[in-house]
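Worksheet: the structure to be examined is printed underneath.
Every heavy atom of this structure was used, including side-chain atoms; hydrogens, water molecules and symmetry mates were not.
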Amino acid sequence: MTHTLSLNSLCRLHTNLAEVDIQKIDEVAKNLPLIADLNGANVFIDCLTKEGQHAVVVAEAAPETAPSVYERPVAGKFVYEAFEPAVFYTLQNGKPMSLNRALTQEGKTVEQSVVPIKGFNNRVIATLIMEKDISEVVERQEKMKTLSNTNDTLSEILMEMTENASLIPEFIGEALFFIDPNLHILYFNSAAFNLVSEVCSSECKTGNQIIEYFPCLEELFYHPEKLFMHEVTILNKVFQVKKVSLKQENPTNGAFITFRDMTELRERERELVVKSVMIQEIHHRVKNNLQTIASLLRLQMRRGLPEESKAHFVESLNRILSIASVYEIILSNSSVDNVDILSLIEKIGNMLVYSSTDENKNISIEYSGTQLFTKSDKAVSIALIINELIQNCMKHAFKGREEGKVHVSFQQNNCEIEVTIKDNGVGYSKEAKPSLGLDIVTMMVTHDLSGQFSIERTANGTMASARFPLERGGHRD
């Protein structure tokens with residue numbers, strides 16, 4: 001089977017999931033063919049994309065015990081909330097949806113069940129979806145047959161629905177119209193009545209053409225696709241208009257038209273965009289302010305310092321530049337607040353090693369690790385830890401030596417992150433005097449990251465290790 005490579009690639013390309021989450025989803029995906037055969041249904045795994053507005057199908061399986069609902073593979077396809085509301089409900093709330101009736105993008109009616117896939121700390125990381133084709137069942141239902149016969153019969157049933165128990169609930173939140181092939185309104189619910197009153201300042205009546213109320217949407221009403229959606233602005237409000245045509249063989253027997261008010265959602269999206277721009281501007285100003293402070297320190301160093309003060313100025317300068325690196329990486333990736341830790345470590349390490357003022361020593365540095373993102377507050381603590389430990393190597397590890405190597409590794413083990421810095425220098429001595437750098441590291445790891453720090457002598461030099469949890473306080477950083 002090739003699902004592992006495909007699933008991993010899709011998750012890394014389209015989602016912000018951690019490796020441990022991808023592994024959990026991969027374990028579930030291995031059972032999809034068995035689930036599909038036992039239930040005679042198509043099964044899928046959907047994950048939220050990086051932006052959080054859509055989902056993506058990362059794995060699928062079709063049954064060998066029943067016809068497949070889909071003619072073509074859908075792995076790698078995007079999923080939109082308008083078409084799959086049950087999937088997004090489960091992704092956002094972590095609650096299962098059972099026996100939900102849905103319409104596929106290929107126009108088939110399916111019975112859909114959705115359950116959450118949960119990762120660390122009971123957080124929803126994906127959904128498992130099962131879909132059975134019930135098109136024939138729907139066609140056998142007497143009232144749905146009646147809806148697709150003739151316009152006269154349809155009108156009578158819809159009139160009965162308004163007076164008695166309705167097949168289409170009046171409490172539906174969306175404005176709903178049913179129109180015939182000539183765009184005459186055969187039925188509307190109370191939300192549709194209120195919409196027409198608000199938009200047109202007139203009363204909605206059956207028999208009138210819907211384009212009398214919404215002339216700007218005439219092209220949508222005549223659109224040939226069975227399922228078609230369009231977003232429009234009416235009276236400063238944003239509506240998602242959906243048309244679902246009912247067909248029996250070739251003749252068209254009308255269509256359902258729904259208007260969903262998206263104004264509040266679009267306003268929230270606009271506010272998020274504005275907020276993101278503001279956060280990026282703050283990051284930009286913080287970076288500029290840190291670089292200004294660094295420039296002032298350099299200027300003071302050029303004007304002359306007592307010899308015993310130079311080392312302290314250099315250490316302070318490197319700490320400032322390490323923090324500035326966090327914001328440089330955020331801005332270079334056009335991110336709101338996510339920092340690539342491996343890139344951060346490389347940036348700080350190269351700055352410390354290759355800008356060293358000691359030209360008599362040939363020091364090299366290597367990196368290894370997996371890509372992982374974290375928020376700027378945690379990244380600042382990590383930046384200072386890396387800065388202090390590499391500076392410690394440069395300052396103490398290679399005394400009396402002309403060359404040396406430093407290796408920095410960054411690994412995620414389950415829900416814990418470990419940063420290790422090794423050198424092939426003279427080796428750490430427990431009798432060494434306490435230093436400000438190691439005090440800073442211990443404080444950052446213990447208090448800021450709720451982790452553990454250790455440093456020890458090895459057969460070939462020194463190894464310093466900082467371990468801390470990926471998540472803290474029940475929230476993903």
Side-chain angles (χ1 to χ4, degrees), residues 1-7 9-10 14 25-47 54-91 96-117 126-149 167 223-229 242-256:
M1 293 182 64
T2 59
H3 80 273
T4 301
L5 178 61
S6 174
L7 183 147
S9 300
L10 289 170
H14 295 297
I25 296 171
D26 184 58
E27 289 298 317
V28 177
K30 291 176 181 177
N31 297 310
L32 291 190
L34 178 61
I35 298 173
D37 288 340
L38 289 175
N39 293 277
N42 288 66
V43 289
F44 312 88
I45 295 179
D46 291 0
C47 301
H54 311 306
V56 62
V57 182
V58 299
E60 65 175 338
E64 295 183 0
T65 56
S68 175
V69 175
Y70 293 85
E71 297 179 2
R72 295 176 295 276
V74 296
K77 301 291 186 182
F78 290 105
V79 179
Y80 302 94
E81 185 174 3
F83 294 99
E84 302 280 5
V87 173
F88 282 79
Y89 175 85
T90 300
L91 281 170
M97 292 285 286
S98 300
L99 305 179
N100 177 60
R101 185 168 293 183
L103 189 67
T104 72
Q105 295 189 35
E106 294 182 1
K108 295 181 180 179
T109 304
V110 295
E111 189 177 78
Q112 183 186 73
S113 295
V114 187
V115 295
I117 299 174
T127 55
L128 177 65
I129 303 119
M130 183 173 68
E131 293 183 352
K132 286 187 177 181
D133 188 351
I134 58 169
S135 300
E136 294 183 1
V137 176
V138 173
E139 291 174 1
R140 288 196 299 267
Q141 293 179 357
E142 180 179 351
K143 291 181 180 179
M144 291 304 294
K145 282 184 179 179
T146 307
L147 283 175
S148 61
N149 282 336
L167 293 177
H223 200 280
E225 289 188 18
K226 186 173 182 179
L227 177 62
F228 185 71
M229 294 174 52
K242 183 191 300 183
K243 186 198 76 167
V244 182
S245 300
L246 296 180
K247 294 184 179 181
Q248 183 180 23
E249 298 179 20
N250 292 326
T252 300
N253 286 277
F256 285 107

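When all heavy atoms of Ala41 and Pro63 are compared, the closest pair comes out as O-CD, 3.4 Å. Of all the heavy atoms in Cys47 and Ile25, the pair that sits closest is SG-CD1, 3.7 Å. Between Ala82 and Met229, the shortest heavy-atom contact is CB-CE, 3.0 Å. Summarising the geometry of Val115 relative to Pro96, their closest heavy-atom pair is CG1-CB, 4.0 Å, with the distance given to 0.1 Å. Shown here for Leu7 and Ala59, the closest heavy-atom pair between the two residues is CD1-CB, 3.8 Å. Counting all heavy atoms, side chain and backbone alike, Ala36 lies closest to Thr65 at O-OG1, 4.2 Å.
Note: Gln112 CD to Glu131 CD = 4.5 Å, rounded to the nearest 0.5 Å. Note: Met97 CE to Thr127 OG1 = 12.0 Å, rounded to the nearest 0.5 Å. Between atom OH of residue Tyr70 and atom NZ of residue Lys77 there is a gap of 12.0 Å, rounded to the nearest 0.5 Å. Within the model, atoms CD1 of Ile35 and CE of Met130 stand 9.0 Å from one another, a figure rounded to the nearest 0.5 Å.
His54 is not listed as a side-chain neighbour of His14, based on a closest heavy-atom distance of 4.5 Å or more. A heavy-atom distance below 4.5 Å is not found between the side chains of Asp133 and Pro67.
Applying the salt bridge (charged side-chain N to carboxylate O under 4.0 Å, His left out) test to Glu27 and every residue at least two apart in sequence or in another chain returns Lys30. Under the rule for a side chain to side chain contact (heavy atoms under 4.5 Å, CB included), Pro85 has no partner lying at least two apart in sequence or in another chain. With sequence neighbours excluded, the residues satisfying side chain to side chain contact (heavy atoms under 4.5 Å, CB included) with Phe88 are Leu48, Ala55, Val79, Glu81, Gln92.
For the pairing with Asp46, the side-chain contact (heavy atoms from CB on, under 4.5 Å) check across Ile117, Ile129, Leu128, Thr90 returns one residue only, Ile129.
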Can you list the steps and then say if Leu227 with Lys242 is a side-chain contact (heavy atoms from CB on, under 4.5 Å)?
CA-CA 7 Å; Leu227 177 62; Lys242 183 191 300 183; 3.9 Å; yes
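Of the possible donor and acceptor atoms, none in the side chain of Asn42 sits under 3.5 Å from a partner among the backbone N and O of Ser68.
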